Every structure is written in C-alpha cells, then in structure tokens.
Amino acid sequence: MESTSPLGTSPLDESPSPRRDTSRGEPLEGEPFEGEPFEGKSFQKEPIRQGSGERFVSCMDWSILMHRIFLALLGEREAWVREPFAACHISVRRVREMAEISQKSIYEEAAEATTRLTSEPIEFWSRDRENYVGYPIFSMCTCKSREGAIEAKFNEEARLHLLRLRERFAERRLRQAIPLPTPYAIRIYEIAKMIERPGERRSRQIPVGRFREMFGLESKYDRHSDMRRRVIDPSVEQVNEKTDVNVRCEDVRDGQTPVALRWTVAVDRRALGRP
C-alpha cells in the first residue's frame, strides 16, 4: 500500500521525509522517535545523562545469534538487581531452546558471537548534542565452551538505553522475539515495541535512507521493490504471525519515489495468550 504526505528534510537523512500529517492528527517524524534503533558514524565514550532528552537510535549489524544472545541476557533478572550491573549467566542450551532451534553448531558459533558483542559498539543518537555517541553494550561477554555457558555484564554507560529497552520487552515478549528467524524480523519487532502503546493504533515514519542505515542495507537491494520483497514484507509477516503485535508498513511517496516508510502498530489481542 502507498500513501503520500507533505515533505520536509530530515536532520539525520538527506532524503526528504514527512513533517506532519495534520489531516491524520499524528506526528510524522523528521527526527528519530523515542527508542528507535539506528547507527551513527563516530565513536565517543561518554555517559548517557538521565533526563537529558535523548531519543535513542541504534543500529546493530548483528548475526541472528548475536540478537538472540543479547535478548536472552536482557531478560536475565540477575543483571538488574543492583547498580552497577551485576554479571549474569545463561547456558547456550537455554538460548537454543528459547530460539526453538536444534542445530548443534550453535555452541561453536556462540564463541564468535560473544566476541563480536563486546567489540562492536552501538551508536545512539543524542538529540541534545545532535551527534552520535557510541557504547559497547557489554563490558564483558564471553562463552565458556567447556561449561556451555555465556557470562556477561552490561556496560554501565549504556544503562539508560538498556533500561528503556528492557521496559519494552517483558519476559513474555522476549520469548516471542528470540524465535524470530532473521535479524530483520527481530529489528522490526523492536521498532514495533517502541511505537506500540496499549489500547492505541499508532503510526510513525522512518525515512527510507535512515531505514537502510538502521538495517545495514546501504549497499543491498538498490531497488526499493527488492528491499520490500526480500526484507520488509517477509519480516512483517513473521512478526505478525509469531508475536503479540500487528504491524503494517506502507510506502510514503514523493510522486513515484518512496521517501519514507509508515509503520502502523497495534496490539494483536489474539496473541496475548501466546507463551
């Protein structure tokens, strides 16, 4: 489905993006909505300040196993019981069970995944500073091959973002996200949870150029129709089938050119009883 709206310029993307659709009575974002995932360009090690008005945007060029390990650890209560973050533990077998997969190669792949999780920073958009600030998500994350276990400690400097993200992902929702079959589907579910509000059907927009950066698609699927066919449409279908939200994605066009993606999210009440 396609739609059109007045166009402006996004501060984060050179491509046009909508300002406000007053006929629908909803803001159409020219800046990241709160909690939106995105990647920036520079790495600075500075603490996130509580109450400073940041809107979090992050991009994770992660494998599916990295996503699953991160979400599984995000749900571990032992990490959140005190300040600073405590070390937390989870077995590789538990990650495999939560992902509803059977391959044994996960044990070998987990070592590489945990190494990348500590070495690849995520960059968050700081609205106050109008710049990107980079943080490793974990100060420590290692796979103990003999025990078949992962030990990790979240990075204290990313506490505010992690706490907000954890608020969106209750334990039941984490169990729904981890089995999603691709990193793209997990990221779209993450976006949906940032937009979702109980009892509401809410819409937000992401400029096409920014979406490509978020999903690491700058050099893939040059044709918009190919990106929709290979990434967006199957991921939306997977999220709608397997999780507690109902997502719709529509193209916003300037003439014939897609300039933004409008995401509409509502709670799927039929899914509320899912484990």
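Just so you know, these numbers use all the heavy atoms, side chains as well, and skip hydrogens, waters and symmetry mates. This structure is a prediction, so every number in the text was calculated from the model and none was measured.
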Q: Roughly how far, to the nearest 0.5 Å, is the OG atom of Ser102 from the CD atom of Glu97?
A: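 Answer for the CD-OG pair, Glu97 versus Ser102, is 12.0 Å.
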Q: Taking only residues two or more places apart in sequence or in another chain, which ones pass side chain to side chain contact (heavy atoms under 4.5 Å, CB included) with Asp226?
A: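 By the side chain to side chain contact (heavy atoms under 4.5 Å, CB included) rule, Asp226 matches Tyr221, Arg223, Arg229.
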Q: Search all heavy atoms of Pro258 against all heavy atoms of Val208 and return the closest pair with its distance.
A: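 Shortest heavy-atom separation between Pro258 and Val208 comes out as O-CG2, 3.8 Å.
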Q: Just wondering, do Leu180 and Thr243 contact through their side chains at under 4.5 Å, heavy atoms?
A: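 The answer is yes; the side chains approach within 4.5 Å.
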Q: Is there a side-chain contact between Asp251 and His224, using heavy atoms and a 4.5 Å cut-off?
A: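 Sidechains of His224 and Asp251: in contact.
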Q: Can you list every ring-ring contact (aromatic ring centres under 6.0 Å, His included) pair that touches residues 232-262, not counting sequence neighbours?
A: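 For residues 232-262, and leaving out neighbouring residues, there are no ring-ring contact (aromatic ring centres under 6.0 Å, His included) pairs at all.
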Q: Got a sec: does the CD of Glu108 have more than 12 other heavy atoms crowding it under 6.0 Å?
A: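 Yes - once you tally the heavy atoms of other residues, nucleotides and ligands closer than 6.0 Å, there are more than 12.
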Q: For Leu162 and Ile137, run side chain to side chain contact (heavy atoms under 4.5 Å, CB included): C-alpha distance rounded to whole Å, both residues' side-chain angles, the deciding distance at 0.1 Å, then the answer.
A: CA-CA 8 Å; Leu162 291 167; Ile137 284 295; 3.9 Å; yes
Q: Is there side-chain contact between Pro179 and Lys242, with heavy atoms separated by less than 4.5 Å?
A: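 No, too far: nothing below the 4.5 Å cut-off.
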Q: Excluding sequence neighbours, so at least two apart, what forms ring pair (Phe, Tyr, Trp, His ring centres under 6.0 Å) with Phe85?
A: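 Only Trp80, Phe154 meet the ring pair (Phe, Tyr, Trp, His ring centres under 6.0 Å) criterion with Phe85.
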Q: Only counting residues at least two apart or in another chain, list the ones meeting salt bridge (Lys or Arg N to Asp or Glu O under 4.0 Å) with Arg116.
A: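 With sequence neighbours excluded, Arg116 shows a salt bridge (Lys or Arg N to Asp or Glu O under 4.0 Å) to Glu120, given in chain and number order.
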Q: Using the test side chain to side chain donor-acceptor pair (under 3.5 Å), find all partners of Glu147 that sit at least two apart in sequence or belong to another chain.
A: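 Once residues adjacent in sequence are excluded, Glu147 has no partner under the side chain to side chain donor-acceptor pair (under 3.5 Å) criterion.
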Q: To the nearest 0.5 angstrom, please state how far the CZ atom of Arg230 sits from the OH atom of Tyr184.
A: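 Reported value, rounded in 0.5 Å steps: 9.0 Å.
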Q: Using a 4.5 Å cut-off on heavy atoms from C-beta on, say whether the side chain of Ile191 contacts that of Met194.
A: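 The answer is no; the side chains never approach within 4.5 Å.
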Q: Mind listing the closest non-hydrogen atom pair of Val245 and Asn240 along with its distance?
A: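 Closest heavy-atom pair between Val245 and Asn240: O-OD1, 3.6 Å.
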Q: Closer than 3.5 angstrom, by distance alone: can the side chain of Arg166 be matched with the main-chain N or O of Leu74 as a donor-acceptor pair?
A: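 Checked: pair present.
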Q: Any non-hydrogen side-chain atom of Ile188 less than 4.5 Å from a side-chain atom of Trp263?
A: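 Yes; the side chains approach each other to less than 4.5 Å.
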Q: Applying side chain to side chain contact (heavy atoms under 4.5 Å, CB included), can you list everything that pairs with Ile64, at least two apart in sequence or on another chain?
A: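 So Ile64 forms a side chain to side chain contact (heavy atoms under 4.5 Å, CB included) with Arg68, Pro183, Ile186.
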Q: Can you tell me which residue among Glu250, Arg262, Arg210 is in a side chain to side chain donor-acceptor pair (under 3.5 Å) with Gln205?
A: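 Exactly one candidate clears the test, Arg262.
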Q: Test of understanding: with side chain to side chain donor-acceptor pair (under 3.5 Å), list the residues that count as partners of Glu112, not counting sequence neighbours.
A: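 Scan of Glu112 (side chain to side chain donor-acceptor pair (under 3.5 Å), adjacent residues dropped) gives none.
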Q: Just to verify, what does Ser91 make a side chain to side chain contact (heavy atoms under 4.5 Å, CB included) with, not counting sequence neighbours?
A: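 Per chain and number, Ser91 pairs via side chain to side chain contact (heavy atoms under 4.5 Å, CB included) with Arg93, Arg94.
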Q: Of all the heavy-atom pairs spanning His89 and Glu76, show the shortest one and how long it is.
A: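 Shortest heavy-atom separation between His89 and Glu76 comes out as O-OE1, 3.3 Å.
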Q: Please report the shortest heavy-atom distance between Pro136 and Asn155, naming the atom on each side.
A: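 Nearest heavy atoms, Pro136 then Asn155: O-ND2, 2.8 Å.
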Q: For residues Met140 and Ile150: do they belong to one hydrophobic cluster (side chain heavy atoms under 4.5 Å, members Ile, Leu, Val, Met, Phe, Trp, Tyr)?
A: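 No; Ile150 is not reachable from Met140 via cluster members.
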Q: Run the side chain to side chain donor-acceptor pair (under 3.5 Å) test against Lys153 and tell me which residues pass, sequence neighbours left out.
A: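 If we apply the side chain to side chain donor-acceptor pair (under 3.5 Å) test to Lys153, skipping adjacent residues, there are no hits.
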Q: When rounded to the nearest 0.5 angstrom, what distance separates CZ in Phe211 from CE in Met227?
A: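 Here the interatomic distance stands at 5.5 Å.
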Q: Should the pair Asp244-Lys193 be classified as a salt bridge under the 4.0 Å nitrogen-to-oxygen rule?
A: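 Salt bridge: yes.
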Q: Of the non-hydrogen atoms in Glu78 and Ala87, which two are nearest, and what is the gap between them?
A: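 Smallest heavy-atom distance, with atoms named: OE1-O, 3.6 Å.
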Q: Could you work out, with side chain to side chain donor-acceptor pair (under 3.5 Å) as the rule, every residue matching Glu109, not counting sequence neighbours?
A: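 Residues passing side chain to side chain donor-acceptor pair (under 3.5 Å) with Glu109: Ser105.
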Q: Determine whether Glu190 and Arg187 satisfy the following criterion, salt bridge (Lys or Arg N to Asp or Glu O under 4.0 Å), listing intermediate values before the conclusion.
A: CA-CA 5 Å; Glu190 178 188 338; Arg187 296 305 310 281; 3.2 Å; yes
Q: Heavy atoms, side chains only, cut-off 4.5 Å: are Trp62 and Ile69 in contact?
A: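 No, their side chains stay 4.5 Å or more apart.
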Q: With sequence neighbours left out, write down each residue that passes side chain to side chain contact (heavy atoms under 4.5 Å, CB included) with Glu200, or none if nothing qualifies.
A: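 For Glu200 the side chain to side chain contact (heavy atoms under 4.5 Å, CB included) partners, ignoring immediate neighbours, are Arg197, Arg202.
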Q: Does Gln238 reach the side chain of Tyr189, with side-chain heavy atoms less than 4.5 Å apart?
A: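 A side-chain contact under 4.5 Å is absent here.
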Q: Donor-acceptor check, side chain of Arg212 to backbone of Leu217, threshold 3.5 angstrom: yes or no?
A: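 Side chain of Arg212 to backbone of Leu217, a donor-acceptor pair under 3.5 Å: yes, one is there.
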Q: So how far is it from Cys249 SG to Ile232 CD1, rounded to the nearest 0.5 Å?
A: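 The CD1 atom of Ile232 is 5.0 Å from SG of Cys249, to the nearest 0.5 Å.
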Q: Taking the side chain as everything from C-beta on, heavy atoms only, tell me whether Arg159 gets closer than 4.5 Å to Glu83.
A: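 Yes, close enough: below the 4.5 Å cut-off.
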Q: So which atom in Cys88 and which in Leu73 form the shortest heavy-atom distance, rounded to 0.1 Å?
A: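 The answer is SG-CD2, 3.8 Å.
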Q: Which salt bridge (charged side-chain N to carboxylate O under 4.0 Å, His left out) pairs, counting each pair once, include a residue from residues 134-143, with sequence neighbours left out?
A: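 Not a single pair qualifies under salt bridge (charged side-chain N to carboxylate O under 4.0 Å, His left out).
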